[in-house]
Number of protein chains: 2
Amino acid sequence: MLKYQAIANEIKQFIEDNDLQQGHKLPVLESLMSQFKASKSTIINALDLLEKKGDVYQVRGSGIFVRRHRRKGYINLLSNQGFKKDLDNFQITSEVIELDVRKPNSEVADSLNIHIHDDVYYVKRIRYINGKTLCLEESFFNKAIVTYLNKEIVSESIFNYIQEGLGLKIGFSDLYIHVDKLTAEEGKYLGLNEGVPKLFAETIFHLTNGQPFDFSKVTYNYEQSHFFIQENLHD
Amino acid sequence: MLKYQAIANEIKQFIEDNDLQQGHKLPVLESLMSQFKASKSTIINALDLLEKKGDVYQVRGSGIFVRRHRRKGYINLLSNQGFKKDLDNFQITSEVIELDVRKPNSEVADSLNIHIHDDVYYVKRIRYINGKTLCLEESFFNKAIVTYLNKEIVSESIFNYIQEGLGLKIGFSDLYIHVDKLTAEEGKYLGLNEGVPKLFAETIFHLTNGQPFDFSKVTYNYEQSHFFIQENLHD
DNA sequence: AAGTGGTCTAGACCACACA
DNA sequence: GTGTGGTCTAGACCACTTA
């Protein structure tokens, strides 16, 4: 664990342990430097990390403040897939519908930057939140990277296994969303009527070295789909 | 303009001018240091900025690469509101429906962190993309911060005026979205039937000092609502 | 082993907020 | 004016990739 990550974690923990609210002022830079025995740059690195994650905001000439506006019941759109953290207050479970190795069609092959005669793991599952259907998810994993999957792994957190079990490093993702009407088949899985609204998301996940390893298509139950995103607008 | 921002801009320009594609390798750090006559940290600062914006990805031990996967017709969800940049390929216009000064209800007052007897500017407008209705937008601006608005300003880019005209610095935003069915009234404005899907977004925009200045409710026409989001998953 | 990006430090200097 | 965060530098050392 890097020093600036460790410091960031400690500060975040401090905020949670003391239940500090939006706008609460944190100790000044110099205090943090001596408290953590680190140079200015390292502290700033830690704070920038927290700022990126939406936990603090820094005001030049004034101080470092807690950022903590979140509506209850809203899921973080940018870290709900495959990750359990940030879903503390939600109980997420999965039901596996299909799991096999197959050849990709051209859209999938293109997204994963492979050929149509290469193998992919195909996973289809329904995810539940607090006992209700959250989404229908179809994922395609490049088998050359994600070399092995089984039903047990797939019913838990796939991403956790990819990181811990396979030792792969997840880097970045491209997420595409739009809204549409639910098809009859999707409705069957989600327990909803045909024609009601849906949120449809396609995501390409890449390793830190830029290789795409997972292409996912997710259809969300609109009744459970309340998301929040925290953004930083300045440079 | 700060040095690292200027360098980031130049690199981005270089990518666009040469139409470099995803995965293209950029010059190594040392080259960039001498080319821009800057220290290592400054170059890394510039690259981190570009990485945050989704324009490059850095691979330790390997190089710096162009990130440029974008689907045509998809709007960047995180920088479409009020901002013209990043909307190069789209023609966005606005029709102002209402503009007045009023007292906020408790929800608005709460979101803007003001009292219900304080004044807010209320703006209701329809935004068009390439001639079609994109969304119906209702915005509430804290009048103590956004001291003046008129019809002309409001039919152009409000955020541009806030930054350039009023000299305010926009910091961060909290965005909440969900999917639902369109009401009859919303349908009237968007030219759609009651009951069809909609994407509904509420956003609280803050200045760099943490003060909320704008609370917006936006109902998107689902036919035009194709969004992308680029995310970095590592620390 | 060589190449390349990342972390960390100490310190000078700058920009902004607030009283 | 004082306090506080931000930028920038030079350089040592570390971690990962590639061949």
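The sequence lines fix the lettering, A, B, ..., with proteins before strands; numbering per chain opens at 1. Computed from a prediction, not measured in an experiment: that's the story for all the values here.
Using a 4.0 Å cut-off between charged side-chain N and carboxylate O, Lys103(A) and Asp119(A) make a salt bridge. Under the 4.0 Å criterion applied to side-chain N and carboxylate O atoms, Arg71(A) and Glu202(B) are assigned as salt-bridge partners. Checked for salt-bridge contact, Glu107(A) and Lys217(A) meet the test: a charged N lies under 4.0 Å from a carboxylate O. We find that Asp174(A) and Arg67(B) are joined by a salt bridge, their nearest charged nitrogen and carboxylate oxygen being less than 4.0 Å apart. Looking at Lys53(B) and Asp55(B), no side-chain N of the basic residue comes within less than 4.0 Å of a carboxylate O on the acidic one, giving no salt bridge.
Here the P atom of nucleotide dG6(C) and the CD1 atom of Ile44(B) are 5 Å apart, to the nearest Å. Distance, Met33(A) CE to dG5(D) C1': 12 Å, rounded to whole Å. The distance between atom CG of Leu168(A) and atom P of dT17(D), rounded to the nearest whole Å, is 11 Å. The distance between atom CD of Glu30(A) and atom C1' of dA10(C), rounded to the nearest whole Å, is 13 Å. Here the C1' atom of nucleotide dG6(D) and the CE atom of Met1(B) are 16 Å apart, to the nearest Å. Following rounding to the nearest Å, His234(A) (NE2) and dG5(D) (P) show an atom-to-atom distance of 14 Å. The interatomic distance linking Asn45(A) (CG) with dT7(D) (P) rounds to 12 Å, in whole Å. If you measure from atom CD1 of Ile43(A) to atom P of dT7(D), you get 16 Å, rounded to the nearest angstrom.
Listed nucleotides dC16(C), dA10(D), dG5(D) differ in distance to Lys169(B); the shortest reach to its side chain belongs to dC16(C). Picking from dT9(D), dC8(C), dG6(D) the nucleotide with the shortest atom distance to the side chain of Ser39(A) gives dC8(C). Between dT7(D), dC16(C), dT7(C), one nucleotide has an atom nearer to the side chain of Lys40(B) than all others, and that is dT7(C).
The side-chain heavy atoms of Lys25(B) and Ile64(B), taken from C-beta on, include no pair separated by under 4.5 Å. The shortest distance between side-chain heavy atoms of Leu168(A) and Gln163(A) does not fall below 4.5 Å.
Of the side-chain N and O atoms in Ser62(A), none sit less than 4.0 angstrom from OP1 or OP2 of dA17(C). Within the structure, a side-chain polar atom (N or O) of Thr42(A) is placed less than 4.0 Å from OP1 or OP2 of dT9(C). Here Lys37(B) does not reach the OP1 or OP2 of dT9(D): none of its side-chain N or O atoms lies under 4.0 Å away. When the side-chain nitrogen and oxygen atoms of Tyr4(B) are compared with OP1 and OP2 of dC8(D), none of them lie within a distance under 4.0 Å.
In this structure, Phe205(B) has its ring center closer than 6.0 angstrom to the ring center of Phe159(B).
When heavy atoms are screened at a 4.0 angstrom cut-off, Ile64(A) is found touching the sugar-phosphate backbone but no base atom.
Here dC8(D) sits opposite dG11(C) as a Watson-Crick or G-U wobble pair (both hydrogen-bonding atom distances under 3.5 Å).
With DNA chain C read from its 5' end, the first of the two nearest nucleotides for Leu2(B) and Gln5(A) is the one closest to Gln5(A). Residue-to-nucleotide proximity on DNA chain C shows that, of Lys3(A) and Thr208(B), the 5′-proximal contact is made by Lys3(A). Nearest-nucleotide assignment on DNA chain D puts the 5′-proximal partner with Leu29(A), out of Leu29(A) and Ala38(B).
Within residues 51-61 of chain B, the residues approaching DNA chain C are Gln58(B), Val59(B), Arg60(B), Gly61(B), by heavy-atom distance under 4.0 Å.
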